Trainee: 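Before I ask anything, here is the structure I am working with.
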Amino acid sequence: MTASWAARLAELGIGLPAVSAPLAAYVPAVRSGTLVYTSGQLPMQDGQLAGVGKVGAQVSPEDGYRLARICALNALAAVDALVGVDAITRVVKVVGFVASAPGFTGQPGVVNGASEILGEIFGEQGAHARSAVGVAELPLDAPVEIEVIVEVG
């Protein structure tokens, strides 16, 4: 890495949120060797969900996209709290879960909210493998949950 990711975040006007407190018996992120795995991150802002419901019913795909972006920033906050955002050398994988109304098949577009913000921040090092999965329910009636795996130096 030749740049500071913290400086890149500042340049984009993005502040990382406080790490959300776990809802159960887990930690926000774990390092194993050169990888950091985040727990699933909900679209929490200031201790509250930024939206609830199913995408394709109560939540529009555009709002789902926005909520996935919030989830990705929460994941970065968990990484930052564990090892520091500047330790990231690349984003390896994103897994997105979308609480979907029956018949909704636009999960990839929703999870793009997470993928695209990581691309804005990390550029080429933000290109990652990904899964976008539709599910019936998520914790607290959240519309989106995002997990991120990053490589660190």
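When a residue number appears, it is its place in the shown sequence, counting from 1. All of these numbers come straight from a predicted model, not from anything done at the bench. The basis for the numbers below is simple: all heavy atoms, side chains too, and nothing from hydrogens, waters or symmetry mates.
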Trainee: To the nearest 0.5 Å, what is the distance between CH2 on W5 and CG on L76?
Mentor: 11.0 Å

Trainee: Any donor-acceptor pair under 3.5 Å linking the side chain of R31 with the backbone of G33?
Mentor: yes

Trainee: Do the side-chain N and O atoms of Q125 and T89 include a donor-acceptor pair separated by under 3.5 angstrom?
Mentor: no

Trainee: Identify the heavy atoms of G51 and P143 that sit nearest to each other, and give their distance.
Mentor: O-CD, 3.2 Å

Trainee: Side-chain donor-acceptor pairs under 3.5 Å in residues 7-25, sequence neighbours left out?
Mentor:
residue	atom	partner	partner atom	Å
R8	NE	E120	O	3.2
R8	NH1	E11	OE2	2.5
R8	NH2	E120	O	2.8

Trainee: With a 4.5 Å cut-off on side-chain heavy-atom distances among I, L, V, M, F, W and Y, is there a chain of contacts connecting V92 to F122?
Mentor: no

Trainee: Group every Ile, Leu, Val, Met, Phe, Trp and Tyr by side-chain heavy-atom contacts under 4.5 Å, then state whether L82 and V85 land in the same group.
Mentor: yes

Trainee: Do the non-hydrogen side-chain atoms of F97 and L138 ever get within less than 4.5 Å of each other?
Mentor: yes

Trainee: I'd like to know if the side chain of Q41 reaches the main chain of S39, judged simply by a donor and an acceptor atom lying under 3.5 Å from each other, with no hydrogens or angles considered.
Mentor: yes

Trainee: Just verifying a value: how many Å separate C71 SG and R66 CZ, rounded to the nearest 0.5 Å?
Mentor: 10.5 Å

Trainee: Restricting to non-hydrogen atoms, name the atom on F104 and the atom on P61 that form the minimum distance, rounded to 0.1 Å.
Mentor: CE1-CG, 3.8 Å

Trainee: Identify whether V148 and I88 are in the same connected component of the hydrophobic contact network (ILVMFWY, side-chain heavy atoms under 4.5 Å).
Mentor: yes

Trainee: Check K54 with E137, please: is the shortest side-chain N to carboxylate O separation under 4.0 Å?
Mentor: yes

Trainee: Are the side chain of S60 and the backbone N or O of D63 linked by a donor-acceptor pair below 3.5 Å?
Mentor: yes

Trainee: Once you round to the nearest 0.5 Å, how far does NZ of K93 lie from NE2 of H128?
Mentor: 10.5 Å

Trainee: Check the hydrophobic clustering (I, L, V, M, F, W, Y; side-chain heavy atoms under 4.5 Å; chains of links allowed) and say if I117 and M44 are grouped together.
Mentor: no

Trainee: Tell me whether R69 contacts the main-chain N or O of S115 through its side chain, where contact means a donor paired with an acceptor under 3.5 Å.
Mentor: no

Trainee: Enter the distance from N74:CG to Q45:CD here, rounded to the nearest 0.5 Å.
Mentor: 7.5 Å

Trainee: Do the side chains of V36 and I149 join up, straight or via other hydrophobic residues, at under 4.5 Å, putting them in one cluster?
Mentor: no

Trainee: Among N112, L118, T38, find the one that has a side chain to side chain contact (heavy atoms under 4.5 Å, CB included) with V94.
Mentor: L118

Trainee: Would you name the heavy atoms of Y37 and S32 that are closest together and state the gap between them?
Mentor: CE1-CB, 4.3 Å

Trainee: S131 and V111: which non-hydrogen atoms are nearest, and at how many Å?
Mentor: O-CG1, 4.4 Å

Trainee: Of V110, V59, V135, I146, which meets side chain to side chain contact (heavy atoms under 4.5 Å, CB included) against V98?
Mentor: V110

Trainee: Looking at L42 and A142, what are the two nearest heavy atoms and their distance?
Mentor: CD2-CB, 3.7 Å

Trainee: Begin from the C-alpha positions of V133 and Q107 and carry the test side-chain contact (heavy atoms from CB on, under 4.5 Å) through to its verdict.
Mentor: CA-CA 6 Å; V133 181; Q107 293 84 7; over 6 Å; no

Trainee: Looking only at non-hydrogen atoms, find the nearest pair between R130 and P108 and report the distance.
Mentor: NH2-O, 3.1 Å

